[in-house]
Enquirer: 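Pasting a structure here, questions to come.
Remember, predicted model here, so these are calculated numbers, not experimental data. Positions are given from 1, in the same order as the sequence printed here. When reading the values below, keep in mind they use all heavy atoms of this one structure, side chains included, and skip hydrogens, waters and symmetry mates.
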Amino acid sequence: MASSLLSLTSKPPSITRLRHQRPPLTTVRVSAATVTTTTGMPDHHHPSLEITGGGADRFLPAFNTIHLPYKPFPIIGWNRHLETIFAAFFRTVPEVKYRRECLRTQDNGTIALDWVYGDHRSLPSDSPILILLPGLTGGSQDSYVKHMLVKAKSKGWRVVVFNSRGCANSPVTTPQLQTASFTADTCHVVDHVSSRYPKASIYAVGWSLGGNILVNYLGREHHRCSLSGAVSLCNPFNLVIADENLRKGFNNIYDRALRGEMHDEYNVQAGLNPRTVREYDEAITRVSLGYKSVDEYYSNSCSCHVVQHVRIPLLCIQAANDPIAPIEATPYSDIKDNPNCMLIVTPQGGHLGWVAGDDAPFGAPWTDNVVIEFLEHLQKNASKPESS
């Protein structure tokens with residue numbers, strides 16, 4: 001269950017802060033009338049949310065949910081750590097039956113796709129498709145993944161969970177496992193789904209590290225991206241800042257929660273018994289990707305570098321009090337300058353929590369309705385791709 005807690009990563013004190021960072025980190029001020037920030041950046045008026053982005057005016061008509069005040073569930077939703085841990089361990093897990101498909105990549109890696117069982121027979125071939133990218137070490141069994149899946153399925157969408165290498169009991173056939181910067185697997189999955197359902201529009205939702213991977217794909221592969229829209233939630237964006245933040249105070253508990261999860265250069269012993277995510281990435285991940293240090297890996301894996309290049313509609317949802325994906329890492333300027341992007345910041349929510357709304361405290365996160373409204377708006381206005 002610890003996998004539901006996270007999707008983070010990391011740092012180097014020697015690396016300067018990125019220009020995409022919101023300067024200098026400002027506190028989100030929530031009032032009963034409007035939301036402003038100390039940067040003076042123009043935001044849309046809302047009782048309790050911060051809403052901005054170059055595409056905000058374009059996408060706002062899609063939403064009904066966000067016009068209401070954000071009301072965290074009493075007590076649970078008032079503390080970011082309590083909310084994060086509560087959501088990870090006590091949120092209900094919907095019953096979903098999957099049909100697994102394993103894809104083999106060019107480097108002999110294995111990706112596990114979990115499709116909803118029976119949808120291949122019951123849904124039309126042109127039904128919109130939603131690809132879900134879970135967080136660090138997460139997979140198709142996580143509660144936040146299943147809640148989103150159930151919500152999308154109720155709208156007639158075909159849903160598939162993209163389990164990264166080594167996650168969700170998928171076969172391990174290469175030294176490389178889930179990484180924050182490797183977009184080839186995402187390309188492979190999107191191309192595969194697109195070729196299987198050429199008449200369907202395809203969208204994607206990523207949480208935490210899955211959100212970072214998704215935004216990296218959207219920015220780096222914008223010239224070949226065939227998605228019609230995407231949503232990123234609790235994205236750490238800047239892994240250098242996220243790692244620094246993770247080492248502070250109580251936040252260390254999230255780092256320790258993940259431990260336990262050839263070539264002579266690999267430090268196999270450290271990789272098998274890491275005390276922190278950073279130790280695992282130093283021993284295994286950065287070596288598999290060819291980086292000289294874990295700091296270089298983190299610096300080159302930040303999705304905040306590429307937000308400016310995103311060419312499809314992208315909704316980003318962050319919590320101002322997220323202990324793992326700190327709000328100061330969010331690339332406000334690039335989101336504001338990109339006409340395809342919109343950002344919603346909630347005053348509370350923790351990490352993958354958002355224990356608020358009608359389904360709180362044990363049901364779906366508050367964000368699920370917002371995400372579905374956005375995706376249905378895009379689908380309603382999308383032109384179906386020509387069949388090949």
Enquirer: Whether the Asp368 and His147 side chains hold a donor-acceptor pair (N or O, under 3.5 Å, no angle test) is what I'd like checked.
Expert: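 There is no such pair (donor and acceptor under 3.5 Å, judged by atom type) between the side chains of Asp368 and His147.
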Enquirer: Donor-acceptor pairs under 3.5 Å, side chain of residues 353-366 to any protein atom, not counting sequence neighbours: which ones?
Expert:
unit_1 : atom_1 : unit_2 : atom_2 : d
Trp354 : NE1    : Thr346 : OG1    : 2.8

Enquirer: Could you walk me through whether Val231 and Leu314 satisfy the side chain to side chain contact (heavy atoms under 4.5 Å, CB included) test, starting with their C-alpha distance in whole Å, then the side-chain angles of each, then the deciding distance to 0.1 Å, before giving a yes or no?
Expert: CA-CA 6 Å; Val231 181; Leu314 171 63; 5.8 Å; no
Enquirer: So, does Asn245 use its side chain to make a donor-acceptor pair with the main chain of Pro323 at under 3.5 Å?
Expert: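 Side chain of Asn245 to backbone of Pro323: a pair is present.
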Enquirer: Taking only residues two or more places apart in sequence or in another chain, which ones pass ring pair (Phe, Tyr, Trp, His ring centres under 6.0 Å) with Tyr217?
Expert: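 Ring pair (Phe, Tyr, Trp, His ring centres under 6.0 Å) check on Tyr217 returns nothing, list empty.
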Enquirer: Return the CG to CG distance between Leu214 and Leu209, rounded to the nearest 0.5 Å.
Expert: 11.5 Å
Enquirer: Angle between ring planes, Tyr197 versus Trp115, binned at 30° and 60°: parallel, tilted or perpendicular?
Expert: tilted
Enquirer: Measure the spacing between CZ of Arg91 and NZ of Lys146 and express it to the nearest 0.5 Å.
Expert: 14.5 Å
Enquirer: Examine distances only and state if a side-chain atom of Asn321 and a backbone atom of Gly350 form a donor-acceptor pair shorter than 3.5 Å.
Expert: yes
Enquirer: Given side chains that start at C-beta, do those of Asn340 and Arg58 come closer than 4.5 Å, heavy atoms only?
Expert: yes
Enquirer: Quick one: closest heavy-atom pair of Ala204 and Leu227, and the distance?
Expert: CB-CD1, 3.8 Å
Enquirer: Is the backbone N or O of Tyr70 less than 3.5 Å from a side-chain atom of Ser48, with the two atoms forming a donor-acceptor pair by type?
Expert: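 Yes; at least one donor-acceptor contact below 3.5 Å.
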Enquirer: Measure the shortest side-chain to side-chain distance between Asp337 and Tyr332 over non-hydrogen atoms and say whether it is less than 4.5 angstrom.
Expert: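 Of all side-chain heavy-atom pairs linking Tyr332 with Asp337, none is under 4.5 Å.
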Enquirer: To the nearest 0.5 angstrom, please state how far the CE atom of Met342 sits from the CD1 atom of Ile317.
Expert: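 Here the rounded value is 8.5 Å.
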Enquirer: Does His223 offer a backbone N or O that forms a donor-acceptor pair with the side chain of His309 under 3.5 Å?
Expert: no
Enquirer: Keeping the roles fixed (side chain from Arg311, backbone from Leu218), state whether a donor-acceptor pair exists under 3.5 Å.
Expert: no
Enquirer: Using only atom types and a distance under 3.5 Å, with no angle test, would you say the side chain of Asn216 pairs donor to acceptor with the backbone of Ser301?
Expert: yes
Enquirer: Should Val345 and Ile51 be marked as a side chain to side chain contact (heavy atoms under 4.5 Å, CB included) after you check the CA-CA gap, both sets of side-chain angles, and the distance that decides it?
Expert: CA-CA 6 Å; Val345 179; Ile51 302 172; over 6 Å; no
Enquirer: Can Leu352 and Thr84 be said to form a side chain to side chain contact (heavy atoms under 4.5 Å, CB included), step by step?
Expert: CA-CA 6 Å; Leu352 301 177; Thr84 298; over 6 Å; no
Enquirer: Can you find a heavy atom in the side chain of Phe86 that is under 4.5 Å from one in the side chain of His81?
Expert: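 In short, these two side chains do not touch, never coming nearer than 4.5 Å.
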Enquirer: Flag the pair Pro134 / Ser140 as yes when at least one side-chain heavy-atom distance between them is below 4.5 Å, and no otherwise.
Expert: no
Enquirer: Where do Pro331 and Val307 come nearest, in terms of heavy atoms and distance?
Expert: CG-CG2, 3.8 Å
Enquirer: Where is the tightest heavy-atom contact between Val145 and Gly139, given as atom of each residue plus distance?
Expert: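 Looking at all heavy atoms of both residues, the shortest contact is CG2-O, 3.6 Å.
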Enquirer: Taking the side chain as every heavy atom from C-beta outward, state whether Tyr203 and Ile131 have any atom pair closer than 4.5 Å.
Expert: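 The answer is no, as the side chains (C-beta and beyond) never meet within the 4.5 Å cut-off.
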Enquirer: What do you reckon, is CG of Leu68 surrounded by more than 12 foreign heavy atoms closer than 6.0 Å?
Expert: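 Correct, the count exceeds 12.
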Enquirer: Has Asp142 got a side-chain atom pairing as donor or acceptor with Tyr144's backbone, closer than 3.5 angstrom?
Expert: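 A pair under 3.5 Å: no.
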Enquirer: Just grab all the salt bridge (charged side-chain N to carboxylate O under 4.0 Å, His left out) pairs involving residues 184-197, residues at least two apart or on different chains.
Expert: Glu101-Arg196, Arg165-Asp185, Asp191-Arg224
Enquirer: Do Trp157 and Gln379 have side chains that get closer than 4.5 Å, going by heavy atoms?
Expert: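 Yes, close enough: below the 4.5 Å cut-off.
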Enquirer: Keeping the roles fixed (side chain from Glu373, backbone from Asn64), state whether a donor-acceptor pair exists under 3.5 Å.
Expert: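 A pair under 3.5 Å: yes.
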Enquirer: Under a 4.5 Å side-chain heavy-atom rule over Ile, Leu, Val, Met, Phe, Trp and Tyr, are Phe89 and Phe73 clustered together?
Expert: yes
Enquirer: Do Phe90 and Ile76 belong to the same hydrophobic cluster, where Ile, Leu, Val, Met, Phe, Trp and Tyr are linked whenever their side-chain heavy atoms lie under 4.5 Å apart, directly or via other members?
Expert: yes
Enquirer: Counting N and O atoms only, with roles assigned by atom type, does the side chain of Asp126 sit under 3.5 Å from a partner on the main chain of Ala200, one being a donor and the other an acceptor?
Expert: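 The answer is no, because no donor-acceptor pair under 3.5 Å joins these two groups.
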Enquirer: Does Ser303 use its side chain to pair, donor to acceptor, with the backbone of Val215 at less than 3.5 Å?
Expert: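 No.
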Enquirer: For Trp207, run the side-chain contact (heavy atoms from CB on, under 4.5 Å) check against Leu136, Leu132, Leu133, Asn212 and tell me which one passes.
Expert: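 Testing Trp207 for a side-chain contact (heavy atoms from CB on, under 4.5 Å) against Leu136, Leu132, Leu133, Asn212 leaves exactly one candidate, Leu132.
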Enquirer: Calculate, to the nearest 0.5 Å, the distance between atoms CG and SG belonging to Asn238 and Cys302 respectively.
Expert: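 Output value for this atom pair is 4.0 Å.
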Enquirer: Residues two or more places apart in sequence or in another chain: which of them pass side chain to side chain donor-acceptor pair (under 3.5 Å) with Arg100?
Expert: Asp114
Enquirer: For Ser226, which residues count as a side chain to side chain donor-acceptor pair (under 3.5 Å) partner, sequence neighbours excluded?
Expert: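 Side chain to side chain donor-acceptor pair (under 3.5 Å) check on Ser226 returns nothing, list empty.
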Enquirer: Quick check: closest heavy atoms across Val159 and Ala152, and the distance to 0.1 Å?
Expert: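 Answer, listing the atom of Val159 first, then Ala152: CG2-CB, 3.8 Å.
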Enquirer: Can you tell me how far CG of Asn338 sits from OG of Ser333, rounded to the nearest 0.5 angstrom?
Expert: 12.5 Å
Enquirer: Does CG belonging to Asp107 count more than 12 external heavy atoms closer than 6.0 Å?
Expert: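 Yes - once you tally the heavy atoms of other residues, nucleotides and ligands closer than 6.0 Å, there are more than 12.
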Enquirer: Mind telling me whether His377 and Phe59 have parallel, tilted or perpendicular rings, with 30° and 60° as the class edges?
Expert: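 Plane angle over 60°, so perpendicular.
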Enquirer: List the residues meeting salt bridge (charged side-chain N to carboxylate O under 4.0 Å, His left out) with Asp119, not counting sequence neighbours, and say none if there are none.
Expert: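 Listed in chain order: Lys153.
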Enquirer: Gln318 versus Asn235: any side-chain heavy-atom pair under 4.5 Å?
Expert: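 A side-chain contact exists here, since the closest heavy-atom pair is under 4.5 Å.
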Enquirer: Go through the steps for Tyr98 and Gln141 under the test side chain to side chain contact (heavy atoms under 4.5 Å, CB included), then give the verdict.
Expert: CA-CA 10 Å; Tyr98 291 114; Gln141 298 305 319; 3.6 Å; yes
Enquirer: Could you pull out the closest heavy-atom pair between Leu123 and Gly156, with the gap in Å?
Expert: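 Distance-wise, the nearest heavy atoms are CD2-O, 4.0 Å.
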Enquirer: Hey, mind stepping through Thr173 and Thr110 against side chain to side chain donor-acceptor pair (under 3.5 Å) and telling me if it holds?
Expert: CA-CA 6 Å; Thr173 55; Thr110 302; 2.9 Å; yes
Enquirer: For Gln348 and Ala319, which heavy atoms make the closest approach, and how far apart are they?
Expert: O-CB, 3.7 Å
Enquirer: Is the shortest heavy-atom distance from the side chain of Val161 to the side chain of Leu113 under 4.5 Å?
Expert: no
